[in-house]
Amino acid sequence: MAAAMAGSVSSHALSSREFGGLPVASPRPRDFQRAAFTSRGSPLRTICALDGGKKGHGPLSAAQAASPEATLVTAADPTPVEVIDFDKLARELDSTSPLEIMDKALEMFGNDIAIAFSGAEDVALIEYAHLTGRPFRVFSLDTGRLNPETYRFYDEVEKRYNIRIEYVFPDAVEVQALVRSKGLFSFYEDGHQECCRVRKVRPLRKTLKGLRAWITGQRKDQSPGTRASVPVVQVDPSFEGLDGGVGSLVKWNPVAEVDGRDIWKFLRTMNVPVNSLHSQGYVSIGCEPCTRPVLPGQHEREGRWWWEDAKAKECGLHKGNIKQEDTSPAAANGNGHAPSDVFTVSDIVSLSRPGVENLLRLESRKDSWLVVLYAPWCSFCQGMEESFNEVAEQLRGSGVKVGKFRADGDDRAFAEGIGLTSFPTILFFPKHATKPVKYPSEQRDVDSLLGFVNALR
Ligand code: SF4
């Protein structure tokens, strides 16, 4: 069984039925028990194994799931199934051209995949898709804070490729609530995360829920702190796709291996239109208040959120890239906090072990509690941070408190005693029941989590 748990974070199997009607895989029974389960007929899910950081905190590897029999037959569906190993595929495609990778992505996912276009040099993705001769979809997040040049560029791109970009807008009520309470430029004072969450991450999350795969312009050379190990294809560690659950979305990064200078050579050679902001010194382009030109010799990401820590410049769209420097469980000190933590909003109480022990005593429980047992190095904990934060926000004043308990390191055995099987494990301590109830699903979106709480409170 230990062998079944070894694997990397990005390693994961998806069945080929997810890709345009080809057959579906199910996990073998022994894997089902330990490291993966199905939901609503979906194939393997990914979880973090308890042996953590260095070798075991990744999901069940598809290679492990597939070997020795790569073709499976399920009781419910006698169709032989093929398991796809995206780690292996990433290695195979590592030295191929972006055009070939794009072609493979579009071939595999058809209408269930779309290019995420930011209005910058990732227009190269659209050119590559165009060159494949296959139909393709493009979406773009219109945060409402883009430069006028970017809007004009969108129009130019639509005309050049004879496409309609699928613009995605933030929820008007959420934007109103943010700017009415904190003003238009709160990100300069308390960080960009909240605004990005409202204007980018939530709309993106909604969009991706309608897809099985997406294509990004991430490159290794863009951000030494967060993008240095981006593979050309991976199971998305942060977002969910159409079938729901962690592991239901595939992320393609066809230019991951390409140097920024080569992207520009390609754009010039193919005479591709570019955002006119580039000629004003902008390299990386995002929202107008959060992007500025960079000087010769400066790294392109220095033009984004320049008032914040240079090593963590992700807006949440590629949050799975952010890793703790030392990811080993040994680095955890039990009750203490790792150098970087998750679930850090003020609505979530950080519980110590005595705090959890206190919760276990019914007579001391004055409120119901929703508690996540987590490890900061776990990419699936990082992936659910957004939704869990929002759940905490929505439960404020409801009589249900929300907490987190760091359950790796010295406290792991204790946590296993109260229900920890993988990271993250979510427990609900009802006000009037003796035992905590474990959240049974890998659907970690806001609605599912609130449904669980409301059913038990
Ligand atoms: Fe808000 Fe700036 Fe993020 Fe745009 S980049 S969503 S303006 S914080």
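Each ligand, and each atom within it, is numbered from 1 in the order the structure gives.
- Residue Cys195: an N/O/S atom is found under 2.8 Å from atom 1 (Fe) of ligand 1.
- Using a 3.5 Å distance cut-off with no hydrogens or angles, the side chains of Glu288 and Asn147 do not pair a donor with an acceptor.
- Every ring-ring contact (aromatic ring centres under 6.0 Å, His included) that Phe153 has, sequence neighbours left out, goes to Phe117.
- In this structure, Arg444 forms no cation-pi arrangement with Phe423, as its terminal cationic atom is not both closer than 6.0 Å to the ring centre and no more than 45° off the ring axis.
- Shown in contact with Cys290 at under 4.0 Å from a heavy atom are these atoms of ligand 1, numbered in order with element: 2 (Fe), 5 (S), 7 (S), 8 (S).
- The stretch residues 100-111 participates, sequence neighbours left out, in these salt bridge (charged side-chain N to carboxylate O under 4.0 Å, His left out) pairs: Asp103-Arg134.
- Against a heavy-atom cut-off of under 4.0 Å, Arg199 is close to the following atoms of ligand 1: 1 (Fe), 6 (S).
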